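Quick notes on the structure that follows.
Below, read A as the first sequence line, B as the second, and so on, with proteins coming before strands; counting in each chain starts at 1. No experiment lies behind these values; they were computed from the predicted model shown.
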2 protein chains.
Amino acid sequence: MPDPTTQEPAPEDPRPGTAAPAHSAADIAAAWQRERPGTPTDSIEVVTPIWWLGKLFADDRARVLREAGIDAATLDLLSVLRRSGPPYALSTRELARRTLVTAGAISQRVARAERDDLVHRSGSPAGGRTVLVTLTPAGHALIERSVDAVLGREATLVAGLTPTERTTLTTLLAKLTTDVRHRTQP
Amino acid sequence: MPDPTTQEPAPEDPRPGTAAPAHSAADIAAAWQRERPGTPTDSIEVVTPIWWLGKLFADDRARVLREAGIDAATLDLLSVLRRSGPPYALSTRELARRTLVTAGAISQRVARAERDDLVHRSGSPAGGRTVLVTLTPAGHALIERSVDAVLGREATLVAGLTPTERTTLTTLLAKLTTDVRHRTQP
DNA sequence: TGCGTTATGTTTAGGTCTAAACATCGCAAC
DNA sequence: GTTGCGATGTTTAGACCTAAACATAACGCA
């Protein structure tokens, strides 16, 4: 019965009872249906490619950044500060909000970046207990020469999509993001 | 000049020179253009939503799994074994190939799962130095009651897309994946 | 038989993240 | 004033991953 549409080469020794390898989202869904009929596999062909693409982009970005002498976490930190405009300073809280990691992670990121003289903490000029994290000249220089490398590279990765396809994809991703946020946050 | 299309509330104290917060991919691209005209921002509206969606799905899955008493790494391991069909046994190498993590990570995942009596290692029945990792009855029972919870939940998260939209999205993601693989692997 | 090569697993060092425990600071109610 | 609460940062314990160093085991071949 199993007539799986695989794209992988068949195993050298197809022992009876051994399923074929699955390496596309469709294969994974088919394998569940074969082994466990009725499994709710509707989401697999949407969720799985999104994860795989995220990993592909992340791995490629890591490769590019290694040559630039910076890691993804630091790039994220410096980017947010650079994009915020003069005076290139944000509180820990605000950095956490804009980077999707916890305040504790920001604290550690800032500690590493401060050790490398890319940012410095300044005791709160404005009220409260807030600490302002500011880009140093070295940090500004590093992000300046990293961002074009990273974004330029990623532009080539998505260049295979036509403008129409890209617009459609962006729209659908935005809709899905709204849906998921709506169903998970409240 | 800056007429940023933000969806966030304006900062309480808009000091001069301070950019508005950016919390959509379009806002991020606009912020780069405002602060650094000419930055190649073409990819941002594709790559960023993919990462954010990946994180939304991962966080939600972690929530569901916490109640089921299993973590995402273990779910991944047991799922691959369960989907492979009887006799629910695969080598370390093959597990690494199907889960997108390194062989070292598999070694550790298997060690944890073995400690919890979810799988057991069997000395190579077939040739070589290969170690077969096999699902135990407890592991089989755990994956059986976890997979419906996870996939059922995710089905509701993508239920807002019409069948047509879902097909279009799947197609575009597949095309992008092919492109990116082609440009990064060789 | 002896040796080098290749494939496979495991271990270890280092890095990063989250969750939770702590530590402050400002402020409001009284 | 002072007591308590809420917001903000930092620290720490635990989890998990990668890369690289180590082990073995099977093979090919002289």
inquiry  = Taking side chain to side chain donor-acceptor pair (under 3.5 Å) as the definition, give me every residue that meets it alongside Ser91(B), ordered by chain and number, with sequence neighbours left out.
reply    = none
remark   = For Asp148(A), the salt bridge (charged side-chain N to carboxylate O under 4.0 Å, His left out) test, sequence neighbours excluded, returns Arg36(B)
message = If the cut-off is 4.0 Å, is Ser91(B) near the phosphate of dT8(C), judged by side-chain N/O to OP1 or OP2?
response = no
message = Restricting to salt bridge (charged side-chain N to carboxylate O under 4.0 Å, His left out), what partner residues turn up for Arg63(B), sequence neighbours left out?
response = Asp60(B)
task = Hey, could you give me each pair passing ring pair (Phe, Tyr, Trp, His ring centres under 6.0 Å) that has a residue in residues 155-177 of chain A? Not counting sequence neighbours.
result = none
inquiry  = Please list, in numerical order, the residues of residues 53-60 of chain B that have a heavy atom closer than 4.0 Å to any atom of DNA chain C.
reply    = none
ask   = Got a sec, which residues hit salt bridge (charged side-chain N to carboxylate O under 4.0 Å, His left out) with Asp59(A), two or more places apart in sequence or on another chain?
value = Lys55(A)
inquiry  = Within residues 100-115 of chain B, which residues have any heavy atom lying less than 4.0 Å from an atom of DNA chain C?
reply    = Ala103(B), Gly104(B), Ser107(B), Gln108(B)
request  = Could you check which residues of residues 61-80 of chain A get a heavy atom under 4.0 Å from DNA chain D? Sort them by number, please.
outcome  = none
ask   = Tell me: CZ of Arg93(A) to P of dG6(D), nearest whole Å?
value = 15 Å
Could you list the donor-acceptor pairs under 3.5 angstrom formed by side chains in residues 113-121 of chain B, with sequence neighbours left out?
from	atom 1	to	atom 2	distance (Å)
Glu114(B)	OE1	Arg121(B)	NH1	2.4
Glu114(B)	OE2	Arg121(B)	N	3.1
Arg121(B)	NH2	Ser107(B)	O	3.4

Side chain to side chain contact (heavy atoms under 4.5 Å, CB included), paired with Leu53(B), selected from Leu53(A), Val47(A), Leu173(A) = Leu173(A)
task = Identify, with sequence neighbours excluded, every residue that meets salt bridge (charged side-chain N to carboxylate O under 4.0 Å, His left out) alongside Arg61(A).
result = Glu154(A)
inquiry  = Quick check on dT10(C): is either OP1 or OP2 less than 4.0 Å from any side-chain nitrogen or oxygen of Arg121(B)?
reply    = yes
task = List in chain and number order the residues that pass side chain to side chain donor-acceptor pair (under 3.5 Å) with Asp71(B), two or more places apart in sequence or in another chain; answer none if no residue qualifies.
result = Thr74(B)
Test ring pair (Phe, Tyr, Trp, His ring centres under 6.0 Å) applied to His140(B) - qualifying residues, sequence neighbours left out = Tyr88(B)
